[in-house]
Amino acid sequence: MHTTKKVRVRFAPSPTGGLHLGGVRTVLYNYLFAKQHQGDFILRIEDTDQSRYVPGAEEYIFSCLKWTGLEPDESPIHGGAYGPYRQSERKALYRQYADQLVKNGYAYYAFDSPGELEKMREDFKTEQNPAPQYDHTVRSQMRNSLTLAESEVKKLLDENTRHVIRIKMPENETVSFTDMIRGEVSFNTSVVDDKVLLKADGMPTYHLAVVVDDHLMEISHAFRGEEWLPSAPVHILLWKYLFGLDAMPQWAHLPLILGPNGKLSKRDGAKYGFPVFAMSWTDAKTNELTEGFKEKGFLPEAFINLLAVLGWNDGTEQEIFSKAELIEKFSIERVHSGGARFDYEKAKWFNHEWIKRLEVAGLREQVKQVFSDKGIHITDEQLLDKVIALVKERCHLLTDFAQQGAFFFKAPEQYDMNAVKPKWNEAKQVFFAELIRNFELSNNWIAHDLETGFKEMAAAHRIKPGELLLPFRIMLVGGKFGPHVFDIAELLGKEETVARIKHLLALLQ
RNA sequence: GGCCCGUUGGUCAAGGGGUUAAGACGCAUCCCUUUCACGGAUGAAUCACGAGUUCGAUUCUCGUACGGGCUACCA
């Protein structure tokens, strides 16, 4: 049955704020699964909670998907034959299903006010049961179409009394299903509460909406976070009541991504200094900016890669995967059932690997942006390409290019004088003065020859090259960093190299 | 509290009755490099615990402990 169905998967976020690691990984797994099976990847916006609506959050999600390269085939902005793709725009659709459930005895109207619900929770609260649920044991004592007379219910409904529709969970039945990651999972219906399906404002809750929309959108496989596992029996039952279990998608509940202690949160990021969102997000209320992986200097290739292997591997020793390889090798069955702790050090290692691996062309624009953010505007693209090639192996984050390469475009503003001054002497002063003359005469400006000449001169002056190399480096870059010093000199060119030597010499006088 | 899910080095993990229990990150030492990286070599470090099944359990079963999630007219 399922095998003949076209693969259609969906990612269904609520537009409430930053898109965190777990969310992006869910997108990734959906995307990979869809592409691997020549299926469709749908983005559906779950904006049924009007009180949590955050302006800009939806656009933000699209930006993140665009940056990661995991773009949907169907969405509110990409269009598609199963729209609308925003649940708020589908509002009118849900009521009929809820009513149908009531008609068939699988759900009921509940008129309890928020105050009454609160009172119920107070009254039923005991040591053994600190959080009483609206379930089969209490529904008989509440104001709903199960307890009220039929005429009373009709009257309340006719008067447009605020009410919700709740599922009537059966007593003591076992609901089980096969999760693609965890195998058979089962629940006793008695311990699940009568979840609200349709809210008083006419909007469906997640529980109703996910089932109705997955059906209407012909979703074949539903991947979501493990936090949804406890409410799975509600969804299974709804499928059974509404559309039949044969039509139900196959479920996979993805393990959670953990932080240093417990579930990964935005707080962890702030506390330990690593990003948790794909891209920077500014909270409109507090104006608080949370830096994203993109802004931190991650490559989308690396970001996807590290997320893919956080909870999945192909059984070999391979760790670096391109998107194409992931599409080919990914399998939901090999996803771990246990949660994985996010390790920022390893995340940086992945980025480093990708920076080393990528051709200059794949880095150019992003590096240019990094320089531009630092106030360095690149005009010489050819030089930029050479600089990237020269320094990329020592950059873990794209932002490292600023430190590693800025001096190629701009003379150092600061010099690490402590590295030269203590050992500076007249002999060295003389050496560099002569070096300037030799350089000025040189018409063969390539690193290898520069180095040979430098060392011959050092020998003639009876100074160890090591004594001279560090000062030379400081002259050119300002500090103890950067690639091989003669490579730097070559790229800098004769004029600039000489100018920088002269400059520091003057400072040392 | 209840329910559900999970548990191989500090972290990500392979393996799934008999193995010297892979590999990666990180860490340490050394080599290379008279900066920092890269690269290379070496090292420290693991099957949560207790029963059971078995000739033999890291692997299977059951308990316990621990971790996590859920327990809203939020998703």
Side-chain angles (χ1 to χ4, degrees), chain A residues 12-16 46-49 51-52 87 110 112-114 117-118 121 125-135 162-166 179 181-182 185-188 190-193 195-207 209-210 224-233 253 255-256 258 260-263 306 309-320 336-350 352-353 356 391-396 400 403-404 416 419 464-470 472-474 477 479-485 488:
Chain A
S14 334
T16 53
E46 309 229 337
D47 55 350
T48 53
D49 185 358
S51 67
R52 294 215 305 165
Q87 288 181 333
D112 317 279
S113 67
L117 289 175
E118 202 178 312
R121 288 187 186 111
K125 191 165 157 182
T126 62
E127 190 103 321
Q128 269 69 40
N129 186 11
Q133 303 188 105
Y134 199 123
D135 61 14
R162 281 178 72 84
H163 66 279
V164 300
I165 294 179
R166 287 181 181 270
D179 185 281
I181 294 172
R182 294 152 215 279
V185 182
S186 48
F187 301 83
N188 185 308
S190 290
V191 299
V192 184
D193 62 330
K195 294 258 186 259
V196 169
L197 266 19
L198 199 77
K199 299 185 260 190
D201 65 1
M203 278 289 194
T205 59
Y206 172 83
H207 309 294
V210 72
R224 58 178 8 173
E226 191 185 351
E227 68 270 24
W228 290 109
L229 208 41
S231 50
H253 290 87
L256 263 13
L258 276 12
N261 31 27
K263 188 187 181 186
L306 71 93
V309 298
L310 200 55
W312 171 85
N313 70 79
D314 74 343
T316 72
E317 286 181 11
Q318 185 172 355
E319 289 199 277
I320 303 297
H336 272 246
S337 45
R341 208 171 298 280
F342 172 69
D343 180 4
Y344 189 47
E345 293 307 317
K346 184 121 191 193
K348 284 191 286 193
W349 175 79
F350 274 108
H352 185 34
E353 289 299 311
K356 284 192 288 179
V391 308
K392 67 177 187 164
E393 74 185 19
R394 62 198 75 210
C395 296
H396 282 73
D400 293 340
Q403 153 88 336
Q404 293 292 335
D416 183 356
K464 278 187 248 160
E467 298 278 300
L468 299 161
L469 254 12
L470 189 60
F472 189 31
R473 168 175 299 279
I474 305 295
V477 315
K480 292 195 269 187
F481 56 87
H484 287 290
V485 71
I488 298 172

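Chain letters run A, B, ... following the sequence lines, proteins first, then strands; residues in each count from 1. Atoms considered below: every heavy atom in the structure, side chains included; atoms not considered: hydrogens, waters and symmetry mates.
Of the candidate nucleotides B:U11, B:A22, B:C5, B:A22 has the atom lying nearest to any side-chain atom of A:Glu317. Listed nucleotides: B:G26, B:U35, B:C70. Nearest to the side chain of A:Trp349: B:G26. Of the candidate nucleotides B:U11, B:C73, B:U35, B:C73 has the atom nearest to the side chain of A:Arg121. You'll find that the side chain of A:Arg473 is closest to B:U35, out of B:U34, B:U35, B:C3. Of the candidate nucleotides B:C5, B:C73, B:G68, B:C73 has the atom nearest to the side chain of A:Ala200. Checked against B:U35, B:A13, B:A75, the side chain of A:Thr48 finds its nearest nucleotide in B:A75. Among the nucleotides B:A75, B:U11, B:C70, the one closest to the side chain of A:Arg341 is B:U11. For A:Arg166, taking side-chain heavy atoms from C-beta onward, the closest of the listed nucleotides B:G6, B:C73, B:G1 is B:C73.
Note on A:Thr16: every side-chain N or O is 4.0 Å or more away from OP1 and OP2 of B:A75. Checking the phosphate oxygens (OP1, OP2) of B:A13, no side-chain nitrogen or oxygen of A:Lys346 falls inside 4.0 Å. Phosphate proximity of B:A14 to A:His336: present, with a side-chain N or O under 4.0 Å from OP1 or OP2. Dashed line: the shortest gap from a side-chain N or O of A:Asn313 to OP1 or OP2 of B:A14 is under 4.0 Å.
Taking atom P in both B:U42 and B:A22, one finds a spacing of 14 Å when rounded to whole Å. Rounded to a whole angstrom, the distance from the P atom of B:C5 to that of B:A45 is 36 Å. Of the C1' atoms belonging to B:U71 and B:G15, the separation is 37 Å, rounded to the nearest Å.
A:His253 and A:Arg224 form a side-chain donor-acceptor contact under 3.5 Å, judged by distance and modelled atom types alone.
At a threshold of 4.0 angstrom between heavy atoms, the contacts of A:Val309 are confined to the sugar-phosphate backbone, with no base atom among them. Among the protein residues, A:Ser186 comes within range of the sugar-phosphate backbone only, with heavy atoms under 4.0 Å from sugar or phosphate atoms but none that close to a base.
In this structure, B:U64 and B:A48 make a Watson-Crick or G-U wobble pair, each of the two defining distances being under 3.5 angstrom. Nucleotide B:G23 forms a Watson-Crick or G-U wobble pair with B:C12, both donor-acceptor distances falling under 3.5 Å. Both distances falling under 3.5 Å, in either a Watson-Crick or a G-U wobble arrangement, occur for no nucleotide opposite B:U54.
In terms of position along RNA chain B, the nucleotide closest to A:Gly315 lies nearer the 5' end than the nucleotide closest to the other residue of the pair A:Gly315 and A:His352. Where A:Phe187 and A:Asp201 meet RNA chain B, the nucleotide closest to each residue was compared, and A:Phe187 sits on the side nearer the 5' end.
Side chains of A:Pro204 and A:Lys199 form no contact here, defined as non-hydrogen atoms less than 4.5 Å apart.
Of the charged side-chain nitrogens involved, at least one lies within less than 4.0 Å of a carboxylate oxygen, so that A:Asp193 and A:Lys195 count as a salt-bridged pair. The existence of a salt bridge linking A:Glu319 and A:Lys346 is confirmed by a sub-4.0 Å separation between a basic side-chain nitrogen and an acidic carboxylate oxygen.
Remark: the A:Lys195 side chain and the B:A72 base include no donor-acceptor N/O pair separated by less than 3.5 Å.
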